[in-house]
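Start at 1 with the first residue, then count along the sequence.
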Amino acid sequence: MTEKTIPLLPCRTELIQSVVDFYTALGFETTHLQKSPYAYAVVERGAVELQLYGMKDYDPAASHSSCYVLTEDVDGLHAAFRSGLKAVYGRIPTRGLPRIGPLKDMSYGVRQFLATDPTGNTIRVGQVISGDGEEEPANAPKETFARALHMADLFADSKQDYPGAAKIIDRVLKLEDEQPTPVQRVRLLVLRGDIAQRLGDTEGARGWLEEAESVQLSAEEGKTAHDALARLSDLRG
C-alpha cells in the first residue's frame, strides 16, 4: 500500500484565481478549480500536489501556512520558477506577495529557497546536501559570524521575524574585536538589505546593498559568495 500526503493550504476566497495563476507560472497544472459553492483548487507539478481552499476573511499578510518540497534538483527548480514568474509577471518578484526568495546553503545541510504565493502560503523547496537535513538548534555553527548568518536566516525565513533577524545582523556588524571574512560580510549585508526591503525601509536597504557591492572579493571568494551576489543583483535590479 502506498500513502501520499497532500497539503491543504488556505487562501483568501477572491484571490483563488490569482493563486492558481501563480502556480501555473511555476509550471503547475490546474486539475480542479471551482469558485462556488466555495472556492477550491488543485494544482499539480509532477509528484507534487497542492490543494487550496478559500476563506472569506483570510489575511495573506498574517499567513504562516507552508509546506516543504524535497527535490534532487533545487537549482533547476529555482531557475524554472524564476523563468516562469518573469514570463507571467514581466519581472521576478522578490518582495511582497507573491515572491520568490534566493537559493541558500543552510547550515543544517539543506540547499533551499522559498516561494510565496499571492495569499501568503510559502512553499519551501530544498535539497539535502549534507548530514541528515534536520533543522536542529544543536547544529548551529559556533563561529560568531557563521552563527549570526544561521540564526538570521532562521529568523527571517522560518519565523518571518524580520526585526529579530535585523537585530542579529546589526549586532555582529558592530563588533570591534572580531571581523567577518569578506564572504561573510557580503552575505550579512545582502541579507540585511533584503530584510530592510521586506520591512519597507527602501532607503536603508539601498545603503546595506551598496555597502555589500563595495566589498572586495577574490575570484575564489566570488564563487563562494555566488548565491549572495545573485540575490544582490536581484535586489538592486
Enter the distance from [X]:[atom1] to [Y]:[atom2] here, rounded to the nearest 0.5 Å.
| X | Y | atom1 | atom2 | result |
| --- | --- | --- | --- | --- |
| L77 | Q112 | CG | CD | 13.5 Å |
| I169 | R192 | CD1 | CZ | 6.5 Å |
| L8 | L50 | CG | CG | 9.5 Å |
| D157 | T122 | CG | OG1 | 9.0 Å |
| C67 | I6 | SG | CD1 | 11.5 Å |
| R82 | L103 | CZ | CG | 8.5 Å |

Check this for me, if you would: do [X] and [Y] make a salt bridge, where the nitrogen-to-carboxylate-oxygen distance has to be below 4.0 angstrom?
| X | Y | answer |
| --- | --- | --- |
| E49 | K4 | yes |
| D227 | K104 | no |
| R45 | E29 | no |
| K174 | D170 | no |
| R187 | D153 | no |

Practice task
Look at atom NE2 of H226 and say whether more than 12 heavy atoms of other residues, nucleotides or ligands are closer to it than 6.0 Å.
Solution key: no
Measuring only between side-chain heavy atoms, which start at C-beta, is [X] closer than 4.5 Å to [Y]?
| X | Y | answer |
| --- | --- | --- |
| L85 | F22 | yes |
| R236 | R206 | yes |
| P118 | Y23 | no |
| I123 | T116 | no |
| K35 | Q17 | yes |
| V183 | V186 | no |
| F28 | V48 | yes |
| L235 | D194 | yes |

Report yes or no: does [X] contribute a side-chain atom to a donor-acceptor pair with the main-chain N or O of [Y] at less than 3.5 Å?
| X | Y | value |
| --- | --- | --- |
| R12 | Y58 | yes |
| S63 | D59 | no |
| S18 | L15 | yes |
| Q127 | E72 | yes |
| S83 | A80 | no |

Practice task
Before giving the answer on side chain to side chain contact (heavy atoms under 4.5 Å, CB included), spell out for D75 and R111 the whole-Å C-alpha distance, their side-chain angles and the decisive distance to 0.1 Å.
Solution key: CA-CA 9 Å; D75 287 76; R111 180 167 174 78; 3.0 Å; yes
Handout entry: ring pair (Phe, Tyr, Trp, His ring centres under 6.0 Å) partners for F81, two or more places apart
Key = F113
Quick one: do [X] and [Y] end up in the same hydrophobic cluster if we chain Ile, Leu, Val, Met, Phe, Trp and Tyr together by side-chain heavy atoms under 4.5 Å apart?
| X | Y | answer |
| --- | --- | --- |
| L217 | W208 | yes |
| F145 | L229 | yes |
| V110 | I100 | no |
| V69 | V20 | yes |
| V19 | V42 | no |

Just by distance, no angles: are the side chains of [X] and [Y] close enough, under 3.5 Å, to form a donor-acceptor pair?
| X | Y | value |
| --- | --- | --- |
| Y38 | T13 | no |
| T144 | E178 | yes |
| Q216 | E221 | no |
| Q197 | D201 | no |

For [X] and [Y], which heavy atoms make the closest approach, and how far apart are they?
| X | Y | answer |
| --- | --- | --- |
| G193 | L209 | CA-CD2, 4.0 Å |
| S66 | L9 | O-CD2, 4.2 Å |
| L188 | P180 | CD1-CB, 4.4 Å |
| I195 | A165 | CD1-CB, 3.5 Å |
| L33 | T30 | CB-CG2, 4.0 Å |
| Y68 | R124 | CE1-CD, 2.9 Å |

Exercise for the section: Could you go through the side chain to side chain contact (heavy atoms under 4.5 Å, CB included) check for V172 and L149 one step at a time? Expected result: CA-CA 10 Å; V172 296; L149 281 164; over 6 Å; no
Practice task
Could you please spell out the steps behind the side chain to side chain contact (heavy atoms under 4.5 Å, CB included) verdict for Q179 and R185?
Solution key: CA-CA 9 Å; Q179 293 296 315; R185 184 175 293 280; 2.8 Å; yes
Exercise for the section: Apply side chain to side chain donor-acceptor pair (under 3.5 Å) to E143 and Q184, showing your working. Expected result: CA-CA 11 Å; E143 191 273 328; Q184 288 174 329; 3.0 Å; yes
Exercise for the section: Verify side chain to side chain contact (heavy atoms under 4.5 Å, CB included) between V125 and H78, making sure each step is shown before the conclusion. Expected result: CA-CA 8 Å; V125 183; H78 189 249; over 6 Å; no
